[in-house]
Amino acid sequence: MEPTFLARSFHIRWSQLSPEQVAPSIERALRESEAAIARIAGLDPVAAEYENTFLALENATDLLNEAWGKVVHLTTVADSPAWRDAHNAMLPKVTAFFTRIPLNHELWLRLKAAAAHRSAAKLTGTHRRFLEETMADFRQHGADLAADKQARLEALQSELAGLTQRYAENVLDATNAWELLIDDENRLAGLPAHAREAARQSALKKGQGTEATPVWRFTLHAPSQEPVMLYAEDAGLRRLVWEGAIAVGVQPAHDNRELVRRILALRQEKTILLGHAHFADLVLARRMAKNGARALAFIEDLHQRVAPAFARETRELQEFKAERTGAPVAPLAPWETAYWAEKLRRSRYDFDEEQLRPYFPLAGVLAGMFEVASRVFGIRVSERPAGEVETWHPEVRFYDVHDQTGRHIGSFYADWHPRESKRGGAWMNSLITGGPRPDGTRLPHLGLMCGNMTPPSTSQPALLTHREVETVFHEFGHLLHHLLGEVEIKSLNGTNVAWDFVELPSQIMENWCWERASLDLFARHHQTGETIPEALFQRMLAARNFRTASTTMRQLAFARLDLELHLHTAECLAGDLSARLQDILRGYLMPTDPRSPTVENRFTHIFSDPVGYAAGYYSYKWAEVLDADAFSRFKREGLFDRGVGAEFVAKILSRGNAADPMRLFVDFMGREPDQSALLQRAGLA
């Protein structure tokens with residue numbers, strides 16, 4: 001049987017992809033890629049030039065990248081013992097293969113010879129960038145190391161891949177293993193009707209309760225957990241959910257604590273092998289921040305600017321609770337902070353996030369988002385009828401994207417609701433990278449968006465929170481970066497950019513979720529079709545920066561923890577890791593009684609991948625500076641100004657990593673980024 005993962009059809013036959021096909025497919029793709037690399041490495045060095053080395057290497061792993069990408073994707077959206085076993089059986093081989101590429105001495109000699117060839121001297125633009133990035137990538141991954149050190153590096157990479165996969169599985173399994181069943185409806189006081197109904201339906205699906213004697217089931221998935229923490233009047237209920245959440249990653253069956261220490265130790269050993277003092281410096285050498293010290297300085301500078309407002313907000317919340325309860329002013333319990341913050345917001349602004357939910361049916365949000373993209377970027381998004389294109393789950397939808405001329409520039413899948421077989425969070429991935437070809441033609445791109453948004457119920461459609469709406473726009477921004485790419489070198493296309501630049505296209509899209517003109521395109525009541533009433537819109541705007549110092553500080557705390565782990569790894573491993581992190585974050589975390597444990601044991605952003613966001617979580621705030629500044633052009637020249645949108649496409653979205661990211665930003669803005677734009681938007685200037 002033909003290995004199904006190797007089929008190159010644009011419309012992927014998901015129904016034909018099975019765990020049994022993973023091994024034969026990936027084994028064959030590995031053999032073909034290894035043979036292609038062997039051909040390059042076997043060239044006469046005198047004959048090595050740009051096309052038969054650099055471009056040949058670019059194409060050598062194309063089939064493997066596509067096939068393995070489908071395997072990884074299916075483990076994230078359709079997890080099962082069979083898929084997990086199939087993936088984990090091939091993971092060491094795939095990791096070893098990619099690790100060995102820059103450690104291939106003969107290949108490295110040919111690349112160096114080609115870089116010195118007269119054909120390379122004539123390169124300009126994207127091809128010059130590709131040559132320079134490839135050489136830098138090889139050096140960063142050990143091409144110049146001695147053979148014994150290369151062997152150790154290969155072993156490190158393989159072990160890191162396995163450990164980080166286990167870490168991610170532990171978080172997913174622990175999250176899915178936890179549930180809370182409530183049979184006393186009185187304990188649900190304060191919960192919105194949609195949250196109660198979702199909990200009742202969840203219980204019924206698990207065979208708990210009946211229509212006559214209902215039971216309510218709560219989980220640690222965000223649409224279930226968050227309403228409890230925000231609205232449940234029963235503090236005991238909130239505490240149980242909080243205790244469930246903080247136990248992820250530390251229970252005996254899914255304990256990540258030793259994995260964290262081992263991952264950190266291996267990352268540091270890899271760092272020393274490659275000639276750097278800190279893992280952060282190794283990771284950031286080719287990102288905008290350049291090194292760990294600069295990233296840390298960026299975070300600490302923001303921390304100092306935000307700290308006074310953060311202290312004021314903390315005191316205000318403590319005083320508000322004391323005033324409402326008659327108790328002394330004191331630190332809140334960690335399961336109280338979101339609850340009392342929501343009550344304070346309602347008190348101050350007469351605003352409840354739930355008032356907005358009826359205006360954000362998912363279908364309307366998507367239609368409005370596509371209309372925004374049409375007006376700003378000149379594209380047209382159209383959904384295929386259900387069943388016309390195969391998907392991996394019945395809930396998944398498929399869309400085509402065309403430009404103003406009618407050219408098909410790409411397509412994508414969208415998968416928005418939680419399932420136990422699906423990892424948490426929201427993300428975008430590429431499946432096929434098309435773009436311009438050497439013969440002048442252009443192939444369409446294929447990508448996907450996934451999330452864990454509020455699902456529909458038996459009585460109403462999926463009604464999102466405003467934050468969920470922002471998340472949908474965010475992931476669509478990443479997707480546009482991929483779909484609008486016009487870089488003929490696939491590895492430089494779309495989101496294959498410096499990690500502290502990659503969030504600019506995603507985060508800038510969130511801004512349209514706050515503007516009246518764009519909200520009126522999609523924020524319409526699911527029953528009446530009315531737009532958000534002006535009074536409610538004004539309260540929403542007034543509440544936008546409510547406790548913004550606290551939300552900013554939360555992100556800074558994650559970034560500070562990440563940098564502490566990867567700038568001072570030896571010190572972190574020398575003693576009680578949790579205690580050290582608690583001490584480091586003392587000025588970043590709201591004081592609570594009891595203190596909340598730190599998140600390293602469930603922090604998938606930095607521990608579920610050999611690199612991932614490790615030493616790079618600061619990128620979210622770094623890119624917020626970029627997006628706040630860049631959006632100021634739209635605010636100044638027109639929210640739907642097609643000229644500004646066309647420039648953003650031409651100078652940012654279409655360019656991928658074809659040039660240094662700072663140069664791309666300067667091309668669009670005419671200057672380097674201004675940090676004050678972020679602080680002004682957040683009301684912290």
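Excluded from the calculations below are hydrogen atoms, water molecules and symmetry mates; all remaining heavy atoms, backbone and side chain alike, are included. Positions are given from 1, in the same order as the sequence printed here.
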**Asked** Do the ring centers of Y399 and F370 come within less than 6.0 Å of each other?
**Response** yes
**Salt bridge R419-D415, side-chain N to carboxylate O under 4.0 Å** = yes
**Asked** If you draw the axis of the six-membered ring of Y413, does the NZ or CZ of R397 fall within 45° of it and under 6.0 Å from the ring centre?
**Response** no
**Asked** If we only count heavy atoms from C-beta on, is the M540 to L356 side-chain gap below 4.5 Å?
**Response** yes
**Message:** Is the distance between the ring centroids of F665 and F501 under 6.0 Å?
**Reply:** no
**Request:** Using a strict 4.0 Å threshold on nitrogen-to-oxygen distance, state whether R346 and D352 make a salt bridge.
**Result:** yes
**Asked** Does the separation of the ring centres of H474 and H478 fall below 6.0 angstrom?
**Response** yes
**Message:** Aromatic contact between H466 and W514, with the criterion being ring centroids under 6.0 Å apart: yes or no?
**Reply:** yes
**Prompt:** With a distance cut-off below 6.0 Å to the six-membered ring centre and an angular limit of 45° from the axis, does R384 pair with F398 as a cation-pi contact?
**Reply:** no
**Asked** Do Y620 and Y613 make the cut of ring centroids closer than 6.0 angstrom?
**Response** yes
**Complete:** Checking R239, K321, R238 against E336 for side-chain hydrogen bond (donor to acceptor under 3.5 Å, both in side chains), the one that qualifies is K321
**Asked** Got a salt bridge between R681 and E624, using NZ or NE/NH1/NH2 to carboxylate O under 4.0 Å?
**Response** yes
**Prompt:** Closest heavy-atom contact between N452 and E468?
**Reply:** O-OE2, 4.3 Å
**Request:** Assert yes or no for the condition that the ring centre distance of F473 to F522 is strictly below 6.0 Å.
**Result:** yes
**Request:** Nearest 0.5 Å please: distance from the OG atom of S596 over to the CG atom of L585.
**Result:** 11.5 Å
